[in-house]
Visitor: 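If you scroll down you'll find the structure; I have some questions about it.
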Amino acid sequence: MADPTNDRKYVAQIKLILEAYGRAVEIFPADWEKRPEGADYLYRTGVVLVRDEDLGRVVELFQGGRPAEGGIGGVTRLLLPEKVPPGAPEDGSITQQFLKYADLRLGRGVVTPEHLFYVCPSVSPCPATEPEEVAPGIPPDPVLPTPFLPAGAADGRGVKVVVLDVGWSDAPGAYWLTGVTGDPENAFDGSGRIRPYAGHGTFIAGVMRAIARNVEIVVKSYFTSAGAMWEFDLAQALDEVLDLAPDIISLSAGTRTRFDLPALGLDVFIQTRLNRVNGLTLVAAAGNESTRDYFWPAAFPETVAVGALADNGRDRAAFSNFGGWVDVYAPGENLVNAFLTGDYECTEPPNAGQLRSFAGMARWSGTSFATPLVAGLIAGRMSITGENAKQASDALLAFALTQPEPGVGPVLRAGDALGSVTP
């Protein structure tokens, strides 16, 4: 990170969240603006998450608390009492005092914060940059397959991918997005300008279609408030998506967590929902903090965690998270694909206030966009081999291990859908 006395990109990013959520969100640590490394995580004020089987003893320990409605079976959103019990630690916010008290009496991880998950950059950025203009006529990168695909092409035909994101905006000039569906995105502000990080879901769909020309894509609009949503609500959203019977779920969002422990709400979803659907695969972005710290849900062993390669296709992108928990790296820097049409005002230093004009295409970087590239490879392989998504992803990860980049790890690139398989 930059020197704390300088303008720092992540400060601008977090302030977008604060503007949207106000007092409902807290930041740990409280002095995050003074730290070169910034914030560890964002979480909900006056709320914790507890597994259902632990709820009784937690309420007894806290001498109160009220379960909220919604979510999924197996985890409860507990609204905290107004006062901490006698003997609880007195440092930190009220929420942190309850969390520390539970740690002391019940052990770490029994009670967790309700973390805030993001598709827009913040303490856990998914796009590593703001969208950049491209000259008219520049084609997508990765390069699109020909519209007239030969028989036996790994085009994703018959495979369904659901993308959880900010929603979907039609891109009339992007013929490769024909047939993509989803929830309409609220992409423009009151002045008619493109909102910060709008077009994220559209760009993701474009990257996936550049890899698997005929894959069915549904872009859902869940991250509608500053590109973020609460952990409890995300678990519920993932559960709802299962009703659409996807083969692959693509999620370019995540967060770091308290003590780097698995996000409780998503842990329950994975163990009680995802793992019980035969062949279903969740592909998730590894995050853009250039750290080996766990980034959830990508760090779950049941997911395919995707890091980003640099523009040269060999090195790890400087922004990409890394470590043994990252399963594979794919191109994620300076990708070009479908975007919105209109003016956009930059919010991040050093370009804050700069006006950029877009005409349906953009250049963008982040593990957010390496993720749909890998999802597209899985879909492409499935359409040829007849494997389910789990089998296809396992095969591709095994192939990636045969072509590692030194100092990076296993790598997949556009065109690797079949790996060593002969169609």
Visitor: So does Asp267 pair up with Arg51, basic N to acidic O under 4.0 Å?
Guide: yes
Visitor: Atom CD in Gln391, atom OG1 in Thr281: separation rounded to 0.5 Å?
Guide: 9.5 Å
Visitor: Donor-acceptor check, side chain of Asp165 to backbone of Gly201, threshold 3.5 angstrom: yes or no?
Guide: yes
Visitor: Identify, with sequence neighbours excluded, every residue that meets ring-ring contact (aromatic ring centres under 6.0 Å, His included) alongside Tyr329.
Guide: none
Visitor: Can a salt bridge be assigned to the pair Glu132 and Arg356 using a cut-off of 4.0 Å between side-chain N and carboxylate O?
Guide: no
Visitor: Are Phe223 and Tyr118 an aromatic pair by the rule of ring centers under 6.0 Å?
Guide: no
Visitor: So that I can tick it off, tell me whether Asp394 and Lys390 are bridged by a salt bridge, with the cut-off set at under 4.0 angstrom between side-chain N and carboxylate O.
Guide: yes
Visitor: Under a 4.0 Å threshold between the charged nitrogen and the carboxylate oxygen, would Lys220 count as salt-bridged to Asp183?
Guide: yes
Visitor: Just to verify, what does Trp168 make a ring-ring contact (aromatic ring centres under 6.0 Å, His included) with, not counting sequence neighbours?
Guide: none
Visitor: Would you please name every residue forming a side-chain contact (heavy atoms from CB on, under 4.5 Å) with Arg195, sequence neighbours left out?
Guide: Asn186, Asp189, Ala198
Visitor: Step by step, work out the side-chain contact (heavy atoms from CB on, under 4.5 Å) result for Leu164 and Val241.
Guide: CA-CA 8 Å; Leu164 278 73; Val241 160; 3.6 Å; yes
Visitor: Taking only residues two or more places apart in sequence, or in another chain, which ones meet Arg57 in a side-chain contact (heavy atoms from CB on, under 4.5 Å)?
Guide: Asp54, Leu106, Val110
Visitor: Show me the donor-acceptor pairs within less than 3.5 Å that the side chains of residues 23-31 make with the rest of the protein, sequence neighbours left out.
Guide:
{"residue": "Glu26", "atom": "OE1", "partner": "Tyr43", "partner atom": "OH", "Å": "2.6"}
{"residue": "Glu26", "atom": "OE1", "partner": "Ser93", "partner atom": "OG", "Å": "2.8"}
{"residue": "Glu26", "atom": "OE2", "partner": "Thr45", "partner atom": "OG1", "Å": "3.2"}

Visitor: Flag the pair Asp239 and Arg273 as a salt bridge only when some basic side-chain nitrogen lies within less than 4.0 angstrom of an acidic carboxylate oxygen.
Guide: yes
Visitor: Looking only at heavy atoms, which two atoms of Asn334 and Asp141 are closest? And how far apart?
Guide: O-OD2, 4.3 Å
Visitor: Please name all residues satisfying side-chain contact (heavy atoms from CB on, under 4.5 Å) with Thr257, sequence neighbours left out, ordered by chain then number.
Guide: His115, Thr255, Ala263, Trp296
Visitor: Tell me the closest heavy-atom pair linking Ala362 and Phe203, and the distance in Å.
Guide: O-CE1, 3.4 Å
Visitor: Determine whether the side chains of Glu133 and Tyr344 contain a donor N or O and an acceptor N or O closer than 3.5 Å.
Guide: no
Visitor: For atom OH of Tyr294, decide whether the heavy atoms of other residues, nucleotides or ligands shown that lie under 6.0 angstrom number more than 12.
Guide: no
Visitor: Going through the checks in order, is the side-chain contact (heavy atoms from CB on, under 4.5 Å) test met by Arg381 and Leu377?
Guide: CA-CA 6 Å; Arg381 182 184 178 91; Leu377 291 174; over 6 Å; no
Visitor: Going by atom type alone, with no hydrogens or angles, which donor-acceptor pairs under 3.5 Å involve a side-chain atom of residues 407-419 and a protein atom two or more places apart or on another chain?
Guide:
{"residue": "Arg413", "atom": "NE", "partner": "Gly313", "partner atom": "O", "Å": "3.3"}
{"residue": "Arg413", "atom": "NH2", "partner": "Gly313", "partner atom": "O", "Å": "2.9"}
{"residue": "Arg413", "atom": "NH2", "partner": "Glu405", "partner atom": "OE2", "Å": "2.7"}
{"residue": "Asp416", "atom": "OD2", "partner": "Gln403", "partner atom": "NE2", "Å": "2.8"}
{"residue": "Asp416", "atom": "OD2", "partner": "Arg413", "partner atom": "N", "Å": "2.9"}

Visitor: Less than 4.0 Å between a side-chain N and a carboxylate O, is that true for Asp311 and Arg363?
Guide: no
Visitor: CD1/Ile217 to OG1/Thr181 distance, rounded to the nearest 0.5 angstrom?
Guide: 9.0 Å
Visitor: Using 0.5 Å steps for rounding, measure from the CG atom of Leu78 to the CG atom of Leu49.
Guide: 9.0 Å
Visitor: Going by the rule salt bridge (charged side-chain N to carboxylate O under 4.0 Å, His left out), which residues pair with Asp243 if we only count those two or more places apart in sequence or in a different chain?
Guide: none
Visitor: Donor-acceptor check, side chain of Gln354 to backbone of Cys346, threshold 3.5 angstrom: yes or no?
Guide: no
Visitor: Taking the six-membered ring of Phe322, is NZ or CZ of Arg292 closer than 6.0 Å to its centre and within 45° of its axis?
Guide: no
Visitor: Could you list the residues that satisfy ring-ring contact (aromatic ring centres under 6.0 Å, His included) with Phe358, not counting sequence neighbours?
Guide: Phe339
Visitor: Has Lys160 got more than 12 heavy atoms of other residues, nucleotides or ligands less than 6.0 Å from its NZ?
Guide: yes
Visitor: Over 60° means perpendicular and under 30° means parallel, so classify the ring planes of Tyr21 and Trp230, tilted if in between.
Guide: perpendicular
Visitor: Once side-chain contact (heavy atoms from CB on, under 4.5 Å) is applied, do any residues pair with Pro404, and if so which ones, sequence neighbours excluded?
Guide: none
Visitor: For a side-chain contact (heavy atoms from CB on, under 4.5 Å) check, start with the C-alpha distance between Ile249 and Val161, then their side-chain angles and the critical distance, and finish with the verdict.
Guide: CA-CA 6 Å; Ile249 297 173; Val161 181; over 6 Å; no
Visitor: To check you understand the geometry: which heavy-atom pair defines the closest contact between Tyr41 and Pro113, and what is its length?
Guide: CE1-CG, 4.1 Å
Visitor: Roughly how far, to the nearest 0.5 Å, is the CG atom of Asp293 from the CG atom of Asp260?
Guide: 5.0 Å
Visitor: Name all residues meeting the salt bridge (charged side-chain N to carboxylate O under 4.0 Å, His left out) criterion together with Asp103; count only those two or more places apart in sequence or in a different chain, and write none if there are none.
Guide: Arg258
Visitor: Is any NZ, NE, NH1 or NH2 atom of the basic residue among Glu345 and Arg193 found under 4.0 Å from an Asp or Glu carboxylate oxygen of the other?
Guide: yes
Visitor: Looking at Gly380 and Ala212, what are the two nearest heavy atoms and their distance?
Guide: N-CB, 4.3 Å
Visitor: Below 4.0 angstrom, N of the basic side chain to O of the carboxylate: do Asp233 and Arg77 qualify?
Guide: yes
Visitor: Give, for atom CG of Leu397 and atom CZ of Phe399, the distance between the pair rounded to the nearest 0.5 Å.
Guide: 12.0 Å
Visitor: So does Asn312 have more than 12 non-hydrogen atoms from other groups sitting under 6.0 Å from CG?
Guide: yes
Visitor: Atom CG of Leu282 and atom CD1 of Ile270: how far apart are they, to the nearest 0.5 Å?
Guide: 6.0 Å
Visitor: Can you list the residues that meet the ring-ring contact (aromatic ring centres under 6.0 Å, His included) rule with Phe98, with sequence neighbours excluded?
Guide: Phe62
